[in-house]
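Below: the structure, in structure tokens.
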Amino acid sequence: MAKKIKIFDTTLRDGEQSPGCSMNLKEKIEMAQQLERLNVDIIEAGFAAASTGDLHSIQEISKNIKNCVITSLARANKEDIDKAWESLKYATHPRIHVFIATSPIHMEYKLKLTPEQVISTAVEMVSYAKLYCNDIEFSAEDATRSNVDFLAEIFDKVIKAGATTINIPDTVGYTTPDEYYNFLTEIIEKCPSLKTIDISVHCHNDLGLGVANSLAALRAGATQIECTVNGIGERAGNAALEEIVMVLNTRKDIYGFETNIDAKQIMRSSNLLTRITGVKVQPNKAIVGANAFAHESGIHQHGVLSNKETYEIMTPESIGLDTNKLVLGKHSGRHAFNDKLKQLGYELTKEELDIAFAKFKDLADKKKDVFDKDIDALVSRQKIEVPQTFELQKYVINSGNIITSTATVTMVKEGSVIEEVAVGEGPIYASFKAIEKIVGKELELDDFSLSSITEGEDALGDAVIRLKENDHIYVGRGLSTDIIEASIKAYINAVNKIMFEQNN
Ligand code: KIV
Ligand code: ZN
């Protein structure tokens with residue numbers, strides 16, 4: 001029987017540390033629920049000591065997720081470990097993840113500790129964490145630039161102190177597959193107790209080798225891989241979950257390993273993360289890029305039409321890309337709609353269902369065919385909706401190629417109707433200016449993009465706005481069959497997020 005590899009997802013911790021990828025509480029819970037549907041083994045939900053917001057979101061994730069281990073990162077000190085436990089105490093399966101750097105450069109310049117002090121701190125803190133829970137992961141930060149004998153010694157001692165997983169990260173994305181394989185093989189030889197616990201790897205992608213290094217580590221004996229959806233993470237990111245899983249699924253003949261991942265949830269996980277962060281994956285990104293299953297050249301198209309396997313090594317369906325089928329229409333009832341939601345993995349309360357159903361009916365009136373992707377976009381957005389401090393009531397645009405565009409936007413704030421008019425280069429820009437006047441703030445537009453959820457003339461337009469305030473990025477999204485309305489809604493959504501986050 002194939003050996004099971006544990007998938008440790010750190011999208012909500014290392015991933016969230018990447019520029020422009022921060023998420024609010026609702027978004028983190030929604031993402032954690034999707035990771036549970038994806039069936040990852042461990043969710044690293046954050047770094048509790050980083051902020052009270054982080055601690056609180058790990059707590060909420062711990063309360064909401066029952067089928068995965070939930071972990072919080074902690075530096076090797078008592079305050080961090082106390083906070084990690086505070087954040088995890090409601091989890092069904094809690095894990096404390098303690099780390100300390102072990103490379104000469106980190107020990108000397110960052111920690112200002114001798115190697116002996118690093119060992120004693122690590123042992124003391126693993127024992128301390130063990131007082132709270134049994135499941136303890138220990139990470140040797142910058143392991144790949146650390147001395148092998150030193151690592152073997154520290155690992156042996158922290159295992160004796162109670163560590164149940166040892167992580168050997170390539171923190172700076174420096175190693176190569178052959179080197180990592182030899183390095184891990186030597187450590188395991190020198191520290192046989194590693195064979196009694198889980199060996200984890202955590203590879204950054206600075207040289208584009210994150211996935212290749214993780215796979216090499218499996219061959220050397222690693223039993224857990226740390227990775228993120230879409231490969232987001234510090235600097236060039238972390239090893240991409242979807243790539244690792246699909247390599248293992250597609251090349252079982254080479255690796256012979258299995259994971260618990262439900263690969264059909266890969267595309268939805270990737271889309272949800274993009275929806276939340278506003279950070280798109282490159283079109284040619286392996287597995288989840290828009291072109292990953294597109295066949296452009298005539299020769300390729302001809303081949304695929306005759307036999308898919310000529311150019312397809314895995315099917316789009318295997319990652320959940322079979323979403324272009326008609327699911328419901330305007331005559332579909334509430335019952336059928338709810339069944340579809342359940343199939344997609346959504347459990348809505350009665351109130352949530354009422355809102356979602358009204359939105360679906362509204363869409364079905366405007367759009368002939370409603371696909372899984374449309375429903376997923378509507379409902380996942382609704383679940384991360386923040387309170388609507390400002391609500392769009394109506395807008396009127398006057399635009400053309402011989403006049404300056406004018407937008408009149410009417411919004412409601414706490415029961416009062418506010419209307420403003422503005423001019424601008426094009427109808428969308430004019431609308432943004434009118435909204436700015438209503439909100440009474442000058443907002444910096446960091447980025448704006450438009451795409452469609454599905455194909456076809458009546459496709460839902462998906463607008464993404466990134467507004468910058470006090471060095472923080474707020475991502476707003478708007479959906480409509482009309483692209484101006486989608487853009488206005490996205491802008492208002494970003495403004496509402498600013499209001500929500502600044503008041504909480
Ligand atoms: O990259 C790294 O070494 C980390 C550790 C804290 C696990 O993120
Ligand atoms: Zn990392």
Side-chain angles (χ1 to χ4, degrees), residues 11-12 15-34 45-46 50-58 60-61 232 271-280 352 355-356 359 377-393 395 409 411-414 418 420 428-429 431-451 460-480 484-504:
T11 306
L12 295 170
E16 213 234 354
Q17 280 170 222
S18 50
C21 285
S22 58
M23 307 176 212
N24 66 30
L25 175 63
K26 279 189 152 195
E27 293 167 339
K28 284 185 184 171
I29 294 174
E30 185 58 17
M31 191 67 213
Q33 284 171 338
Q34 178 55 29
S51 70
T52 41
D54 250 48
L55 190 151
H56 181 56
S57 53
I58 303 168
E60 291 306 305
I61 291 170
I232 66 167
N271 286 341
L272 178 65
L273 185 64
T274 302
R275 199 166 292 150
I276 289 173
T277 59
V279 177
K280 292 204 162 160
E352 287 172 337
I355 300 171
K359 285 188 177 167
L378 277 185
V379 178
S380 70
R381 224 155 286 223
Q382 178 188 327
K383 294 204 83 174
I384 55 179
E385 195 63 82
V386 292
Q388 299 203 32
T389 313
F390 290 97
E391 246 178 292
L392 175 67
Q393 194 183 67
Y395 66 93
V409 178
M411 290 178 8
V412 179
K413 186 189 181 203
E414 287 151 9
I418 318 171
E420 285 291 350
I428 292 177
Y429 191 60
S431 321
F432 291 172
K433 286 281 137 205
I435 299 170
E436 237 184 39
K437 279 190 181 173
I438 294 174
V439 174
K441 261 180 194 271
E442 280 220 359
L443 297 162
E444 190 185 331
L445 184 61
D446 182 65
D447 198 18
F448 168 58
S449 67
L450 261 175
S451 55
L460 264 182
D462 182 11
V464 183
I465 295 275
R466 293 164 69 89
L467 292 180
K468 201 171 187 179
E469 251 239 329
N470 302 331
D471 275 340
H472 192 92
I473 297 284
Y474 296 87
V475 181
R477 307 194 72 115
L479 271 185
S480 172
I484 297 179
E485 183 171 283
S487 310
I488 291 176
K489 282 182 169 173
Y491 203 96
I492 297 174
N493 180 233
V495 168
N496 283 334
K497 276 194 182 170
I498 296 179
M499 300 294 159
F500 176 68
E501 283 174 42
Q502 290 182 351
N503 297 328
N504 282 282

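Excluded from the calculations below are hydrogen atoms, water molecules and symmetry mates; all remaining heavy atoms, backbone and side chain alike, are included. Residue numbers run from 1 in the order of the sequence given.
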Mind checking salt bridge (Lys or Arg N to Asp or Glu O under 4.0 Å) for Asp446 and listing every partner two or more places apart, or none if nothing turns up?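 Expected list: Arg466.
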
Applying salt bridge (Lys or Arg N to Asp or Glu O under 4.0 Å), name anything that partners Arg381, two or more places apart in sequence or on another chain.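 Salt bridge (Lys or Arg N to Asp or Glu O under 4.0 Å) list for Arg381, sorted by chain: Asp462.
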
From [atom1] ([X]) to [atom2] ([Y]), nearest 0.5 Å:
{"X": "Ile438", "Y": "Leu392", "atom1": "CD1", "atom2": "CG", "value": "8.5 Å"}
{"X": "Tyr395", "Y": "Lys489", "atom1": "OH", "atom2": "NZ", "value": "8.5 Å"}
{"X": "Ile484", "Y": "Ser431", "atom1": "CD1", "atom2": "OG", "value": "6.5 Å"}
{"X": "Thr389", "Y": "Glu414", "atom1": "OG1", "atom2": "CD", "value": "7.5 Å"}

Hey, mind stepping through Glu442 and Lys437 against salt bridge (charged side-chain N to carboxylate O under 4.0 Å, His left out) and telling me if it holds? CA-CA 8 Å; Glu442 280 220 359; Lys437 279 190 181 173; over 6 Å; no

Residues forming a side chain to side chain contact (heavy atoms under 4.5 Å, CB included) with [X], sequence neighbours excluded:
{"X": "Leu443", "value": "Glu436, Lys441, Leu467, Glu469, Tyr491, Val495, Ile498"}
{"X": "Glu30", "value": "Gln33, Arg37, Leu272, Tyr346, Ser380, Lys383, Ile384"}
{"X": "Ser51", "value": "Asp54"}

Is the shortest side-chain heavy-atom distance between [X] and [Y] below 4.5 Å?
{"X": "Lys280", "Y": "Ser451", "value": "yes"}
{"X": "Thr11", "Y": "Glu16", "value": "no"}
{"X": "Gln34", "Y": "Ile29", "value": "no"}
{"X": "Leu450", "Y": "Ser487", "value": "yes"}
{"X": "Thr274", "Y": "Val279", "value": "no"}
{"X": "Phe390", "Y": "Ile435", "value": "no"}
{"X": "Gln382", "Y": "Glu352", "value": "yes"}

Salt bridge or not for Lys28 and Glu60, using N-O below 4.0 Å? no

Which pair of heavy atoms, one from [X] and one from [Y], lies closest together, and at what distance?
{"X": "Gly476", "Y": "Asn493", "value": "CA-OD1, 3.2 Å"}
{"X": "Val379", "Y": "Ala356", "value": "CG2-CB, 4.3 Å"}
{"X": "Gly478", "Y": "Ala490", "value": "N-CB, 3.4 Å"}
{"X": "Cys21", "Y": "Gly15", "value": "CB-O, 3.7 Å"}
{"X": "Ile465", "Y": "Ala494", "value": "CG2-CB, 4.3 Å"}
{"X": "Gly46", "Y": "Ile58", "value": "C-CD1, 3.5 Å"}

Short question: side chain of [X], backbone of [Y] - any donor-acceptor pair under 3.5 Å?
{"X": "Lys26", "Y": "Glu385", "answer": "yes"}
{"X": "Glu420", "Y": "Val409", "answer": "no"}
{"X": "Arg477", "Y": "Arg275", "answer": "yes"}
{"X": "Asn496", "Y": "Val386", "answer": "no"}

Partner set under ring pair (Phe, Tyr, Trp, His ring centres under 6.0 Å) for Tyr429, not counting sequence neighbours: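 For Tyr429, no residue satisfies ring pair (Phe, Tyr, Trp, His ring centres under 6.0 Å) once neighbours in sequence are set aside.
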
Take atom NZ in Lys413; do more than 12 heavy atoms of anything else shown fall under 6.0 Å from it? no

